[in-house]
Q: 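The structure follows.
Throughout, protein chains are lettered first and strands after them, A, B, ... in sequence-line order, and every chain is numbered starting at 1. Quick note: numbers below take in every heavy atom, side chains included, and nothing from hydrogens, waters or symmetry partners.
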There are 2 protein chains.
Amino acid sequence: MKKQALEDRRESLGNTVAAGIRRLLVEGAFTPGQRLSEVALCERLGVSRNTLREAFRTLAHEGLVTHQPHRGVFVTSPDAASIVEIYRLRRFIECRALSEAWPSHPAVREMRVAVDEAHARSEQQDWLAVGTANMAFHGAIVALADSPRLNGFFRQILAELRLAFGLMSDKEWLHAPYVDMNRQVLETFEASDTKAAVALLEQYLAQSERVVLAAWERQVAT
Amino acid sequence: MKKQALEDRRESLGNTVAAGIRRLLVEGAFTPGQRLSEVALCERLGVSRNTLREAFRTLAHEGLVTHQPHRGVFVTSPDAASIVEIYRLRRFIECRALSEAWPSHPAVREMRVAVDEAHARSEQQDWLAVGTANMAFHGAIVALADSPRLNGFFRQILAELRLAFGLMSDKEWLHAPYVDMNRQVLETFEASDTKAAVALLEQYLAQSERVVLAAWERQVAT
DNA sequence: CCCGTGTTGATTGTTCAACAATAGCCCCGA
DNA sequence: TCGGGGCTATTGTTGAACAATCAACACGGG
């Protein structure tokens with residue numbers, strides 16, 4: 001078979017498969033609303049149906065696919081309400097985490113790493129990697145709150161949001177403007193001006209929401 | 001076999017099994033840290049190992065059980081850090097939801113129903129049902145925010161907290177004092193004094209945290 | 001032409017049996 | 001007491017089989 005293609009794996013195969021499908025999803029390899037056939041996918045991935053079903057259950061729990069009984073699993077097709085809701089949650093969570101953050105929290109280093117990574121990838125015009133780095137930046141902001149459960153929840157809604165990104169073609173316009181804004185937020189925060197950093201972040205999120213919503217509406221028009 | 005015991009079921013068997021185990025967990029039928037053998041449970045529930053594994057994966061995602069590769073699934077044993085974290089999240093989420101709530105939101109009716117139910121069960125001294133009703137009350141508070149994703153996340157951490165309740169014997173002391181406090185919060189909110197209602201809720205949560213933590217420490221001492 | 005209605009094919013839901021892989025345990029020897 | 005080697009029970013994964021359900025289509029009556 002082709003199992004060894006994904007290294008030795010230290011964890012269960014079901015999780016490995018779920019991670020593989022998750023990557024395919026955020027890379028836009030499937031179109032939203034598309035049905036994922038069990039037999040086709042388990043043949044393509046070289047795993048059995050039972051294992052694939054476990055992976056499906058994981059992804060369904062994360063909201064990346066939706067499961068309809070006796071019909072199959074479908075790539076979640078985000079609607080405008082979901083986008084609005086997710087941005088509302090992001091403002092709620094990120095701003096609070098940043099405003100109450102301990103200035104020398106270890107996650108600040110992660111924020112710096114993510115900003116540098118995004119900048120480097122941006123010069124290579126690798127917009128997919130820029131998006132990943134930006135996600136890591138905002139994940140690091142939430143990590144400031146020191147709540148593993150909140151981290152997991154946030155990672156989940158961010159992955160779902162990224163599914164919506166896959167709908168759009170202008171990856172550059174979608175990610176490029178924010179690498180500098182991220183850096184600005186970080187440096188303002190490092191200058192101990194937390195209040196200003198939060199204001200910047202809030203403005204960042206509002207702008208991002210506008211762009212994403214506009215692109216989404218342009219998408220459904222076609 | 002014994003499948004029809006749980007009515008006709010409209011959804012998949014895996015979910016039904018997960019719901020059954022979930023109920024057993026919050027009712028305290030298992031002791032935290034206990035290992036749940038696959039063969040023993042699937043024989044007891046009359047389902048196959050694959051189906052039980054799907055249920056396990058669901059519960060592991062919810063944090064009610066933890067899965068250790070090649071060792072099995074164990075009932076999550078909450079520690080003090082988890083209790084503190086969950087109460088921090090509750091204050092974060094519930095207070096915000098209540099403070100920004102639309103006064104005539106449909107979820108207010110759910111809050112009223114939960115308060116009445118808790119009162120009725122309390123007179124019957126059915127403390128397990130009182131706990132369920134109290135959980136429904138706080139779930140309704142979060143529902144004020146109109147965010148399905150937040151609702152799901154909150155339900156999850158509340159279920160995890162309830163796992164900690166299972167550790168303690170004094171169910172009455174754990175639930176009874178709060179049915180009146182819940183009613184007070186609701187009536188203050190209905191009187192359009194949102195600020196006071198939030199203050200009451202915050203005080204409620206702080207007191208509950210103290211009681212649960214104290215009981216938890218008494219528990220580990222034995 | 002339109003509309004129920006059965007029939008059929010495909011897909012999912014669930015079970016079962018088998019084997020591989022691993023962790024924990026017991027026993028042994030130094 | 002400690003470390004090593006195998007034994008056993010349990011989990012991880014597979015493949016096949018059958019039941020249940022859905023979607024599409026053909027058919028016949030109005």
Q: Would you mind reading off the distance between A:Glu54 atom CD and D:dT14 atom C1', rounded to a whole angstrom?
A: 12 Å
Q: Among C:dG13, D:dG12, C:dT15, find the nucleotide with the atom closest to the side chain of B:Leu13.
A: C:dT15
Q: Rounded to whole Å, please give me the gap between CZ in B:Arg57 and P in D:dT11.
A: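 That distance rounds to 15 Å.
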Q: Could you tell me whether the phosphate oxygens of C:dT15, OP1 or OP2, come under 4.0 Å of any side-chain nitrogen or oxygen in B:Thr51?
A: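 Yes, B:Thr51 has a side-chain N/O under 4.0 Å of OP1/OP2 on C:dT15.
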Q: How long is the line joining NE2 of A:His70 and P of D:dC22, in whole Å?
A: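 Value for this atom pair: 6 Å.
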Q: For B:Ser37 and A:Leu52, take the nucleotide of DNA chain D holding the closest heavy atom to each; which residue's nucleotide lies nearer the 5' end?
A: B:Ser37
Q: Is there a side-chain contact between A:His67 and the phosphate of C:dT11, meaning an N or O under 4.0 Å from OP1 or OP2?
A: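 Result: no.
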Q: For A:Arg53 and D:dT14, give me the distance from atom CZ to atom C1', rounded to whole Å.
A: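 These atoms are roughly 15 Å apart.
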Q: Is it the case that the ring center of A:His67 lies less than 6.0 angstrom away from the ring center of A:Phe74?
A: no
Q: Identify whether the distance between the nearest side-chain nitrogen and carboxylate oxygen of A:Glu62 and A:Arg22 falls below 4.0 Å.
A: yes
Q: Please confirm whether the backbone N or O of B:Ala176 pairs with a side-chain atom of B:Ser122, one donor and one acceptor, at under 3.5 Å?
A: no
Q: OP1 or OP2 of C:dT12 versus the side-chain N and O atoms of A:Arg35: is any pair under 4.0 Å?
A: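 Checking A:Arg35 against C:dT12: at least one side-chain N or O falls below 4.0 Å of OP1 or OP2.
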Q: Rounded to whole Å, please give me the gap between CD in A:Glu38 and C1' in D:dT14.
A: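 Answer to the nearest Å: 15 Å.
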Q: Using whole Å, what does the distance between atom P of nucleotide D:dT14 and atom CZ of B:Arg49 come to?
A: 13 Å
Q: Taking CG from B:Leu41 and C1' from D:dT10, how many angstroms apart are they, rounded to a whole number?
A: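 Taking atom C1' of D:dT10 as the reference, CG of B:Leu41 is at 14 Å.
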Q: Quick check on DNA chain C: between A:Val73 and A:Asn50, whose nearest nucleotide comes earlier from the 5' end?
A: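 The residue whose closest nucleotide sits nearer the 5' end is A:Val73.
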Q: Could you check how far CD of A:Gln68 sits from C1' of C:dT12, rounded to whole Å?
A: 12 Å
Q: Please determine if B:Glu160 and A:Arg149 form a salt bridge, counting it only when a charged side-chain N lies under 4.0 Å from a carboxylate O.
A: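 Salt bridge flag = yes for A:Arg149 with B:Glu160.
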Q: Could one point to a donor on the side chain of B:Arg71 or the base of D:dG12 with an acceptor on the other under 3.5 Å away?
A: no
Q: Given A:Tyr178 and A:His138, is the side chain to side chain donor-acceptor pair (under 3.5 Å) satisfied, shown in steps?
A: CA-CA 11 Å; A:Tyr178 303 107; A:His138 291 277; over 6 Å; no
